[in-house]
Amino acid sequence: MGREQLRRDALRIIEEAFWLSRPDEAVRRALEKISPGRGKIILVAVGKAAWQMAKTAADCLGDRYEKGYVITKYGHFKGEIPRIEIMEAGHPVVDDNSVKATETVLEAVQSLSSEDQVLFLLSGGGSALFEKPKIPLEELKKINQSLLACGADIGEINQIRKRLSMVKGGRFAKLCEPARVTAIILSDVVGDHPEMIASGPAYPDSASEEEVLEIIKKYDLSFSETVMKALKEDPVTTLNHVETYVTGGVGQLCRSAAQLCRKAGYETEILTDTLTCEAREAGSFLGSVAAFQVKKGVRKAFVAGGETIVHLKGTGKGGRNQEIALAAAEEIAGLERVVVASASSDGTDGPTDAAGGIVDGTTRECLKEKGISIFETLKRNDSYHALQAADGLILTGPTGTNVNDVALILIAEE
């Protein structure tokens with residue numbers, strides 16, 4: 001089996017695994033458990049998979065819902081849905097359209113009765129897309145950028161975000177009272193905890209003031225007095241009118257990828273579904289695994305999932321999966337019969353149009369011939385342009401799902 005066949009297998013397996021991880025069936029299963037009330041149903045979908053989730057719910061509910069609203073990332077609109085207003089906004093950093101769209105939703109859920117129901121469909125990306133800040137928007141943008149750049153993990157980032165918001169940390173569900181809220185959540189967080197997914201708009205906030213302040217201290221963050229006051233305000237701790245169903249998740253994504261690898265004839269092992277370290281370290285590790293296993297001459301596949309982090313120190317373009325792939329290229333340089341690929345399940349890795357990257361034993365030499373150093377590129381956080389130069393970008397477009405990231409090592413037999 002040649003290098004090109006390995007690359008084709010890797011790309012096909014990743015795209016098919018993403019397809020199998022779409023929320024359609026999960027939303028259907030959750031809706032089967034829900035008993036509609038006597039009042040009206042308002043559908044609200046937020047996140048990078050919001051359109052897909054709303055379309056499935058609308059198809060299932062038919063005429064039973066009165067109206068609905070979708071807030072999703074730019075470029076994720078896939079067509080009109082009956083009686084549903086679709087709005088696009090900023091991600092990964094909140095923008096004016098995030099706030100406008102959120103205000104539209106909040107107006108719609110005001111004055112509901114106890115017989116009414118809000119069907120809240122939530123997926124990753126909601127932290128930026130669904131926002132009504134307690135502080136000036138420009139200040140919030142700077143804080144979000146600082147959080148994304150400092151190397152904090154998604155759980156730590158969301159602990160800060162939700163204290164600065166009028167909709168996160170259970171506050172959206174509170175604003176829906178006395179209507180019932182049914183939340184169907186597509187997990188993009190390792191551990192699948194609903195409090196962390198999109199900063200938990202419909203889930204109580206369990207973090208103490210001390211825990212929040214410890215995150216600020218850990219990353220040496222500096223905030224204004226207004227921000228510190230907001231961070232210390234009492235959280236929402238009880239939401240008795242909310243039912244929550246968590247579905248999807250990176251574990252299922254990894255299992256789907258492994259099943260597809262086996263179907264393609266690879267002896268397959270899932271290494272982990274909780275990969276949360278620095279992206280380039282994850283790439284170096286995966287490359288080292290590949291370099292060791294290729295010596296055995298056996299056709300094998302290794303799968304890893306999770307959500308790594310990137311400390312932004314340069315001004316380049318890229319994402320965590322692109323950094324994983326580029327770091328792996330260094331470890332497998334010169335080796336035949338091996339490919340390493342890593343991609344984000346929503347189809348957009350960081351602020352780029354690529355889902356991730358794919359590399360093989362020729363990638364480093366290809367870049368070297370073009371005067372590109374992997375070490376210097378990672379230093380500048382410019383993995384996108386390096387992979388572009390080596391034909392190593394994975395371009396899927398928006399996938400309709402969002403359940404973290406998956407990485408593959410494919411090894412051909414001798």
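When reading the values below, keep in mind they use all heavy atoms of this one structure, side chains included, and skip hydrogens, waters and symmetry mates.
Here the options are R262, R299, K263, the test is side chain to side chain contact (heavy atoms under 4.5 Å, CB included), and the partner is T268; only R262 passes. With S206 as reference, E195 is the one residue of E195, Q159, E211 to meet the side chain to side chain donor-acceptor pair (under 3.5 Å) rule.
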The test is side chain to side chain contact (heavy atoms under 4.5 Å, CB included); show your working for D346 and T401 and say whether it passes. CA-CA 5 Å; D346 68 335; T401 192; over 6 Å; no
Apply salt bridge (charged side-chain N to carboxylate O under 4.0 Å, His left out) to residues K67 and E85 and explain how you reach the verdict. CA-CA 8 Å; K67 57 185 176 180; E85 181 178 351; over 6 Å; no
Applying side chain to side chain contact (heavy atoms under 4.5 Å, CB included) to L122 and I184, what does each step give before you reach the verdict? CA-CA 6 Å; L122 184 65; I184 300 176; over 6 Å; no
Checking side-chain hydrogen bond (donor to acceptor under 3.5 Å, both in side chains) for the pair N97/E88: CA distance, chi angles, key distance, verdict? CA-CA 7 Å; N97 285 335; E88 293 184 318; over 6 Å; no
Should E156 and K218 be marked as a salt bridge (charged side-chain N to carboxylate O under 4.0 Å, His left out) after you check the CA-CA gap, both sets of side-chain angles, and the distance that decides it? CA-CA 10 Å; E156 293 171 323; K218 177 180 178 181; 2.7 Å; yes
R12 vs E15, salt bridge (charged side-chain N to carboxylate O under 4.0 Å, His left out): CA-CA, chis, key distance, verdict: CA-CA 5 Å; R12 177 182 55 78; E15 291 209 32; over 6 Å; no
Intermediate values then yes/no, side chain to side chain contact (heavy atoms under 4.5 Å, CB included), E131 and V167: CA-CA 6 Å; E131 183 60 280; V167 293; 4.2 Å; yes
Evaluate the criterion side chain to side chain contact (heavy atoms under 4.5 Å, CB included) for residue pair V340 and L408; output intermediate values, then yes/no. CA-CA 6 Å; V340 178; L408 292 182; over 6 Å; no
Apply salt bridge (charged side-chain N to carboxylate O under 4.0 Å, His left out) to the pair D205 and R163, showing each step before the final yes or no. CA-CA 9 Å; D205 183 356; R163 292 298 183 99; 2.9 Å; yes
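Under the 4.5 Å side-chain criterion, counting only non-hydrogen atoms from C-beta, V227 is in contact with E139. Considering only heavy atoms from C-beta on, K55 stays 4.5 Å or farther from K78 through its side chain. In this structure the side chain of I358 reaches within 4.5 angstrom of the side chain of L11, judged on heavy atoms. When side chains are defined from C-beta on, Q322 counts as touching L393, because their heavy atoms get closer than 4.5 Å. For the pair L335 and I332, the minimum side-chain heavy-atom distance is below 4.5 Å. Contact of the L326 side chain with the L367 side chain is registered, since non-hydrogen atoms from C-beta on lie closer than 4.5 Å. Proximity of S123 to M53: side-chain heavy atoms (C-beta onward) are separated by under 4.5 Å at one or more points. Annotation: side chain of L175 is not in contact with side chain of Q110 (no heavy-atom distance under 4.5 Å).
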Only pairs under 3.5 Å count here: list side-chain donor-acceptor contacts from residues 371-380, not counting sequence neighbours, and write none if there are none.
{"residue": "S373", "atom": "OG", "partner": "F375", "partner atom": "N", "Å": "3.4"}
{"residue": "S373", "atom": "OG", "partner": "E376", "partner atom": "N", "Å": "3.2"}
{"residue": "T377", "atom": "OG1", "partner": "S373", "partner atom": "O", "Å": "2.7"}

Could you list the donor-acceptor pairs under 3.5 angstrom formed between side-chain atoms of residues 229-243 and any protein atom two or more places apart in sequence or on another chain?
{"residue": "E233", "atom": "OE1", "partner": "K134", "partner atom": "NZ", "Å": "2.8"}
{"residue": "H241", "atom": "NE2", "partner": "A173", "partner atom": "O", "Å": "2.8"}

Side-chain donor/acceptor pairs under 3.5 Å, residues 21-28, sequence neighbours excluded:
{"residue": "S21", "atom": "OG", "partner": "A17", "partner atom": "O", "Å": "2.9"}
{"residue": "D24", "atom": "OD1", "partner": "Q52", "partner atom": "NE2", "Å": "3.4"}
{"residue": "D24", "atom": "OD2", "partner": "Q52", "partner atom": "NE2", "Å": "3.1"}
{"residue": "E25", "atom": "OE1", "partner": "R28", "partner atom": "NH1", "Å": "3.4"}

Going by atom type alone, with no hydrogens or angles, which donor-acceptor pairs under 3.5 Å involve a side-chain atom of residues 302-316 and a protein atom two or more places apart or on another chain?
{"residue": "E307", "atom": "OE1", "partner": "N404", "partner atom": "ND2", "Å": "2.9"}
{"residue": "H311", "atom": "ND1", "partner": "E278", "partner atom": "OE1", "Å": "2.6"}
{"residue": "H311", "atom": "NE2", "partner": "C150", "partner atom": "O", "Å": "3.3"}

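M166 contributes atom CE, which lies 11.5 Å from atom OG1 of T102 (distance to the nearest 0.5 angstrom). Note that the CG atom of L121 and the CD1 atom of I71 stand 12.0 Å from one another [nearest 0.5 Å]. Note: Y65 OH to I42 CD1 = 11.0 Å, rounded to the nearest 0.5 Å. Rounded to the nearest 0.5 angstrom, D349 CG and S344 OG are separated by 6.0 Å.
E336 CD: 12 or fewer foreign heavy atoms inside a 6.0 Å radius. Within a 6.0 Å sphere centred on NZ of K142, other residues, nucleotides and ligands contribute 12 heavy atoms or fewer. No more than 12 heavy atoms of other residues, nucleotides or ligands shown are found within 6.0 angstrom of CD on Q259. In K300, the NZ atom is crowded: over 12 heavy atoms of neighbouring residues, nucleotides or ligands sit closer than 6.0 Å.
Legend: residues meeting ring pair (Phe, Tyr, Trp, His ring centres under 6.0 Å) with Y203, ordered by chain and number and at least two apart, are H193.
Cation-pi check for K317 over Y384 is met; the charged atom lies under 6.0 angstrom from the ring centroid and within 45 degrees of its normal.
Nearest heavy-atom pair across I411 and A290 is CD1-O, 4.1 Å. The two residues C261 and I13 have their closest heavy-atom pair at SG-CD1, 3.8 Å. Minimum heavy-atom separation, L410 to A10: CD1-N, 3.5 Å. Nearest heavy atoms, T244 versus P194: CG2-CB, 4.2 Å. The minimum heavy-atom distance linking R7 with V339 is given by the pair CG-CG2, 3.8 Å.
Neither side chain, T56 nor D59, offers a donor N or O lying under 3.5 Å from an acceptor on the other.
Not one N or O on the side chain of T352 forms a donor-acceptor pair closer than 3.5 Å with the backbone of T348. Distance alone, capped at 3.5 Å, is enough to place a donor-acceptor pair between the T399 side chain and the S345 backbone.
For residues 134-177, the set of pairs meeting the ring pair (Phe, Tyr, Trp, His ring centres under 6.0 Å) definition, not counting sequence neighbours, comprises F120-F172, F130-F172.
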